[in-house]
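What follows is one structure encoded as structure tokens, with my remarks underneath.
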Amino acid sequence: MPETILGKRFCLPDSMRGEMRKQFGFLYRGDEGDTTRQMLADMGSPAKLIAIGDISTFNLLQCGTVPDISVIDEKTHRKPAGVDIIKGIRHSNFRDINVTNPPSFVEPELVLALSDAMDADVPVQIMVHGEEDLAALPAIVLAPVSSVVIYGLPDEGGIMVTVTPEVKDRINDMLDKMKCD
């Protein structure tokens, strides 16, 4: 387990906002079940399936797939999610963890929750009070190789990242530039 990010706080400087818009995986255009079904068909059998965001989680559950780890904040486009989305992201199989994480930060509490979730033998849902937009970064670093991380790209579709040593190194390099302690 890469302990280098545990216990650390990360913040997104304005100078890196452009870099954050780069894709770390493959963009599936669209926003509904067809896009998610295509991702599911393409991913094979990942070591862990990790959904970042309410819409990513909702779409997976609507397609009958419970992700190993789901990170939600009950918001879409930084506004409260609709009741149908909030109801649709809940599943009785999830063990719930609550964390606080402000916008443009990755708090040690979120990193620890993700780390613990990687070792869980049941699906885990991490409810973020604040914002989960940057959660994909520590999730990729902490996930076992051959895991899949899915997150949304607003108004474009969903991104599927297959975790490889190279992708982990790239994200670790980004997080090194985001240390704020």
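What you see is a predicted model; the values in this text were computed from it and never measured.
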d(T57 OG1, Q62 CD) to nearest 0.5 Å is 11.5 Å
Side chain K75, main chain G130, donor-acceptor under 3.5 Å
yes
Requested in this report: Start with the C-alpha distance between M43 and T162, add both sets of side-chain angles, then the distance that settles side chain to side chain contact (heavy atoms under 4.5 Å, CB included), and finish with yes or no.
Outcome: CA-CA 8 Å; M43 74 176 63; T162 300; over 6 Å; no
Tested for side chain to side chain donor-acceptor pair (under 3.5 Å) against H129, the lone hit among T100, N101, N98 is N98
Margin query: Checking side-chain polar atoms at under 3.5 Å, does S104 have a donor or acceptor matched by the opposite partner on R17?
Written below: yes
Evaluation steps, side-chain hydrogen bond (donor to acceptor under 3.5 Å, both in side chains), between D42 and Y28: CA-CA 11 Å; D42 290 351; Y28 289 76; 2.7 Å; yes
So CG of D68 and CG of N93: to nearest 0.5 Å the spacing works out to 11.0 Å
**Asked** With no hydrogens and no angle check, is any side-chain donor or acceptor of S115 less than 3.5 Å from a backbone partner on V111?
**Response** no
So CE of M16 and CZ of F10: to nearest 0.5 Å the spacing works out to 11.0 Å
From the list L153, I150, V149, side-chain contact (heavy atoms from CB on, under 4.5 Å) with I159 holds only for L153
Point to revise | Test item: Y151 and E132 side chains (from C-beta on) under 4.5 Å apart, heavy atoms | key: no
CZ of F94 to CD1 of I126, rounded to nearest 0.5 Å, is 10.5 Å
**OP:** Give a yes or no on whether the backbone of D73 and the side-chain of D54 come within a donor-acceptor separation of less than 3.5 Å.
**Re:** yes
| said: Contact between E131 and P102 at the side-chain level, heavy atoms closer than 4.5 Å - yes or no? | reply: no
Requested in this report: Please step through side chain to side chain contact (heavy atoms under 4.5 Å, CB included) for the pair M127 and V71, ending with a clear verdict.
Outcome: CA-CA 6 Å; M127 172 63 186; V71 182; over 6 Å; no
Problem set entry | N/O donor-acceptor pair under 3.5 Å between Q125 side chain and I89 backbone | yes
request  = Answer yes when D84 and K87 have at least one side-chain N-carboxylate O distance shorter than 4.0 Å, and no when they do not.
outcome  = no
Test side chain to side chain contact (heavy atoms under 4.5 Å, CB included) applied to M39 and T35, step by step: CA-CA 6 Å; M39 285 184 191; T35 303; 4.2 Å; yes
The residue among I52, V148, L61 that forms side-chain contact (heavy atoms from CB on, under 4.5 Å) with P67 is L61
- Task: Identify whether the distance between the nearest side-chain nitrogen and carboxylate oxygen of E109 and R9 falls below 4.0 Å.
- Result: no
Counting only N and O atoms by type, is there a donor-acceptor contact under 3.5 Å from the side chain of N59 to the main-chain atoms of G33?
-> no
Quick check on the hydrophobic clustering: are L114 and V167 connected, directly or via other members, by side-chain heavy-atom contacts under 4.5 Å?
yes
Distance col, row M160:CE vs T36:OG1, nearest 0.5 angstrom, shows 11.0 Å
Does E74 reach the side chain of P80, with side-chain heavy atoms less than 4.5 Å apart?
-> no
In this structure, CD of E107 is separated from SG of C11 (nearest 0.5 Å) by 9.5 Å
query = Between L40 and T65, does a side chain to side chain contact (heavy atoms under 4.5 Å, CB included) hold up when you go through it step by step?
reply = CA-CA 9 Å; L40 288 166; T65 300; 3.6 Å; yes
**Message:** Can you confirm whether L12 sits close enough to F105 that some side-chain heavy atom of one is under 4.5 Å from a side-chain heavy atom of the other?
**Reply:** no
When you measure from the side chain of S147 to the backbone of K48, do you find a donor-acceptor pair of N or O atoms at a distance under 3.5 Å? yes
